[in-house]
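In what follows, chains carry the letters A, B, and so on, assigned in the order in which the sequence lines appear, proteins first and then strands, with residues in each chain numbered from 1. Note that the structure is a prediction, hence the values are computed from the model and not measured.
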Number of protein chains: 2
Amino acid sequence: MARRLTQQDIARMAGVSQTTVSLVLNNRAEGAVRISPETRERVIRVIRETGYIADPAARRLAEGRNRILGVFTYEAVFPATSADFYHPFLVGIEECTEEAGCDLLLFTSARASGGRRRIFDQDSRVRLADGCVLLGHTVDRDDLARLITDQIPFVSVGRREDAGGPVPYVGADYASAAGALVRRAVALGHRRLVYVGAGAGAESWVDRHRGFLDAVTRLDVEGVMVNATPGADPPPGTPGVGPPGVQGGAPDMDAVLGTGATVAFFEEQADAVAFVAAARHRISIPADLSVVTLGSATRPVRSDIDFTGFRIPRREMGRRAVELLTGVIESGGTPQELLPCDLIEGSTLAAVTGGGPRPPAS
Amino acid sequence: MARRLTQQDIARMAGVSQTTVSLVLNNRAEGAVRISPETRERVIRVIRETGYIADPAARRLAEGRNRILGVFTYEAVFPATSADFYHPFLVGIEECTEEAGCDLLLFTSARASGGRRRIFDQDSRVRLADGCVLLGHTVDRDDLARLITDQIPFVSVGRREDAGGPVPYVGADYASAAGALVRRAVALGHRRLVYVGAGAGAESWVDRHRGFLDAVTRLDVEGVMVNATPGADPPPGTPGVGPPGVQGGAPDMDAVLGTGATVAFFEEQADAVAFVAAARHRISIPADLSVVTLGSATRPVRSDIDFTGFRIPRREMGRRAVELLTGVIESGGTPQELLPCDLIEGSTLAAVTGGGPRPPAS
DNA sequence: TGATCATGGTAATGCGGATTATTACTGGGG
DNA sequence: CCCCAGTAATAATCCGCATTACCATGATCA
């Protein structure tokens with residue numbers, strides 16, 4: 001390959017020193033060092049004529065930064081199965097990165113021997129970015145801890161528990177949203193509510209469950225729980241955003257109906273879809289039983305049901321993550337934010353009419 | 001930020017020189033330089049214990065490459081409007097990049113003053129990548145030319161005409177696909193075919209039209225044309241892959257029907273959708289008029305019509321682009337490939353029955 | 001008239017790692 | 001006893017750019 005043009009070349013052509021070229025290029029002529037307008041002009045002309053562009057690697061090496069933001073995901077970002085899931089985040093991330101005049105480095109390479117991605121394998125390119133956004137299902141605790149101890153600027157999309165120190169994140173306020181939905185249900189006369197899901201493991205599940213429980217307690221109504229993920233507790237990893245398609249079995253319909261609750265809160269929309277499909281011929285929704293989903297489709301499930309629930313502000317989370325990240329890069333800190341989720345009116349939550357659903361036919 | 005660990009540090013800890021560390025790290029002990037097994041082991045241990053990772057920028061500066069592949073697009077990759085369009089390409093690109101053990105650099109920053117993206121603005125990070133994939137609608141001729149003269153390894157997704165030299169690309173074989181569809185139509189008895197579209201401007205349009213014309217000529221049937229992009233010739237840029245939603249007006253229904261053709265070939269699926277929607281109450285498809293689309297949805301148009309046409313192998317194109325790119329990076333060359341498009345049987349192409357469509361009611 | 005200072009620019013150095021040239025030592029062969 | 005080959009590892013450079021320390025010149029001032 002033809003040798004690239006360097007500042008040295010420009011310097012020669014303009015009859016000045018490499019230093020001068022660098023100075024001109026970076027407008028560093030304010031303080032101690034001065035460049036005469038004529039010289040400056042001459043250098044600028046040569047630069048323009050030759051179309052010289054500084055080598056980003058050398059630049060980064062010398063000044064320590066890059067204007068490159070990294071995005072790390074533990075799964076492929078683009079595959080069809082999770083496309084719907086990741087896409088909104090990426091939209092937000094790209095938008096904001098572009099506004100910041102940065103480029104985006106997707107760490108697609110990092111594969112540990114086991115097959116799972118790891119941030120810190122030998123020759124990882126993480127350090128090439130000024131900082132990075134963590135996206136995805138499972139975040140390895142060790143990776144997280146190392147990011148912290150190494151003081152690599154990063155922001156996680158999705159709340160994460162401490163990992164040898166507080167983790168900077170921007171999450172969705174599942175707890176509040178779940179609480180709001182509980183209040184709404186109670187306002188409609190519901191007094192016995194069932195939570196269908198794991199309620200543990202991933203931070204996002206914990207948060208939903210906590211919001212549910214808090215509200216139920218505060219409003220002094222009955223809240224019961226039906227586990228929807230048999231044989232999956234505790235999950236091996238620590239999902240924060242919510243994995244596309246990791247849960248196991250469908251929720252036990254009889255168990256849900258057997259609680260005598262008048263409204264069911266589903267942790268995962270996919271479970272709600274399965275439940276409704278199965279229960280449709282036995283009960284009427286929402287007449288016999290109201291159904292609320294805690295978050296919009298995480299797993300790619302198609303359904304024409306207009307569930308009552310809330311929208312996870314994924315795009316905003318992506319945007320905000322980048323905003324926070326640039327802040328961290330500039331001035332450090334450990335921002336932790338939860339973004340509000342819009343409630344979705346839907347049509348599966350109605351006022352209590354009769355005495356609740358029929359008990360299972362058994 | 002805590003200063004990062006350097007080879008110098010490792011060297012000190014292991015009681016050797018920086019050179020030795022580098023040598024061990026890169027397994028460069030085959031030829032002239034030798035490292036004893038004990039020393040090597042000692043260095044390796046320190047590296048493992050400290051978790052040292054080489055600075056990618058320094059590495060790139062010294063050895064000239066990075067294992068980073070760039071992706072340049074003239075529009076945002078992720079925005080909702082073009083999501084469906086770009087996504088398959090990106091899936092392929094990511095897959096293949098991951099297999100190659102590379103990372104992906106998305107050039108989201110490059111914004112010219114005018115607002116459009118440019119590859120070569122001042123402080124572009126293009127050179128950080130070992131090479132790059134060009135994706136998208138319009139590719140600036142100057143950018144293209146410069147990529148060539150600068151000898152930056154790149155591969156365009158979508159055929160491109162020469163720009164001061166041959167352009168490496170992987171495109172879709174629109175010409176063959178269009179020709180095959182023409183043959184199929186003729187086999188079903190069609191003798192008068194109309195091409196609806198621009199047939200010029202973007203390479204992809206030119207190719208479709210050429211395929212249509214060649215086949216029509218060879219089979220000695222009548223081929224006519226109806227321009228579907230009023231006031232848009234010639235297009236300002238040179239789209240190669242196909243732009244999401246750039247064309248202007250809908251095709252003129254009367255003009256199409258007025259040709260007396262028994263089958264219409266639509267350059268853009270979106271036009272076909274619009275046409276069918278408008279014509280539905282006047283003619284029956286395919287009884288009165290067969291409709292063929294030359295390529296799957298480019299613009300994000302939802303339609304439940306099962307058009308006869310072909311599938312653009314976007315994911316494969318993405319994959320292949322990366323494969324070719326790594327080849328170019330390794331050993332240069334100017335690969336140019338067209339990938340076949342699968343025909344889609346569909347239900348809008350039928351045998352000729354009557355005497356063609358009724359003329360417009362006018 | 002020599003000290004002081006503003007002006008305009010350059011030489012030198014560092015960033016972290018790869019590579020090449022060179023050194024230090026040991027054992028054999030002549 | 002000296003030279004050479006082989007082994008093990010290091011010093012010195014370079015990659016391209018940013019930055020700091022330093023120098024040369026002419027004007028100003030006491």
Check [Y] with [X], please: is the shortest side-chain N to carboxylate O separation under 4.0 Å?
X        : Y        : value
B:Arg42  : B:Glu38  : no
B:Glu203 : B:Arg160 : no
B:Arg146 : B:Asp143 : no
B:Arg320 : B:Glu323 : yes
B:Asp55  : B:Arg60  : no
A:Arg45  : A:Glu49  : yes

Below 3.5 Å is the cut-off: list the nitrogen or oxygen pairs between protein and nucleotides 23-27 of chain C, distance only.
none

Using the side-chain heavy atoms of B:Ala54, tell me which of these nucleotides is nearest: D:dC17, D:dA8, C:dG17. C:dG17
Checking D:dA9, C:dG16, C:dG9 against the side chain of B:Asp55 (C-beta onward), the nearest is C:dG16
Counting primed atoms, P, OP1 and OP2 as sugar-phosphate and everything else as base, the B/S/- map of nucleotides 19-26 of chain D against protein heavy atoms under 4.0 Å is BB------
Contact under 4.0 Å: [X] side-chain N or O vs [N] OP1/OP2:
X       : N      : answer
A:Tyr52 : D:dC17 : yes
B:Gln7  : C:dA18 : yes
A:Thr6  : D:dG16 : no
A:Arg59 : D:dA18 : yes
A:Thr39 : C:dG8  : no

What's the angle between the local helix axes at either end of the helix from C:dT1-D:dA30 to C:dG30-D:dC1, using five pairs per end and rounding to 10 degrees? 90°
Whole angstroms only, please: what is the [atom1]-[atom2] distance between [X] and [N]?
X        : N      : atom1 : atom2 : value
A:Leu5   : D:dC15 : CG    : P     : 14 Å
B:Leu128 : D:dC15 : CG    : P     : 19 Å
A:Arg65  : C:dC15 : CZ    : C1'   : 16 Å
A:Ile53  : D:dC17 : CD1   : P     : 11 Å
A:Asn66  : D:dA18 : CG    : C1'   : 14 Å
B:Asp9   : C:dC15 : CG    : C1'   : 13 Å
B:Ile35  : C:dT19 : CD1   : P     : 14 Å
B:Arg60  : C:dA18 : CZ    : C1'   : 14 Å

Want to settle it: does B:Leu61 or B:Thr20 sit nearer the 5' end of DNA chain D, counting the closest nucleotide to each? B:Thr20
Report the distance from atom NE2 of A:His87 to atom NE2 of B:His87, rounding to the nearest 0.5 Å. 5.0 Å
Would B:Gln18 and B:Gln7 count as a side-chain hydrogen bond (donor to acceptor under 3.5 Å, both in side chains) if you check the C-alpha gap in whole Å, the side-chain angles of each, and the deciding distance to 0.1 Å? CA-CA 6 Å; B:Gln18 177 260 317; B:Gln7 288 192 347; 2.9 Å; yes
Before you tell me yes or no, could you show the steps for B:Ile10 and B:Leu25 under side chain to side chain contact (heavy atoms under 4.5 Å, CB included), namely the whole-Å CA-CA distance, both residues' side-chain angles and the distance that decides it to 0.1 Å? CA-CA 11 Å; B:Ile10 304 298; B:Leu25 218 50; over 6 Å; no
Does A:Thr50 use its side chain to pair, donor to acceptor, with the backbone of A:Ile47 at less than 3.5 Å? yes
Donor-acceptor side-chain pairing of B:Thr20 and B:Ser17 below 3.5 angstrom: yes
By the 4.0 Å heavy-atom rule, please label B:Val21 as base, sugar-phosphate, or nothing. nothing
Mind running side chain to side chain contact (heavy atoms under 4.5 Å, CB included) on A:Val43 and A:Val16 for me, showing each step along the way? CA-CA 8 Å; A:Val43 173; A:Val16 295; 4.0 Å; yes
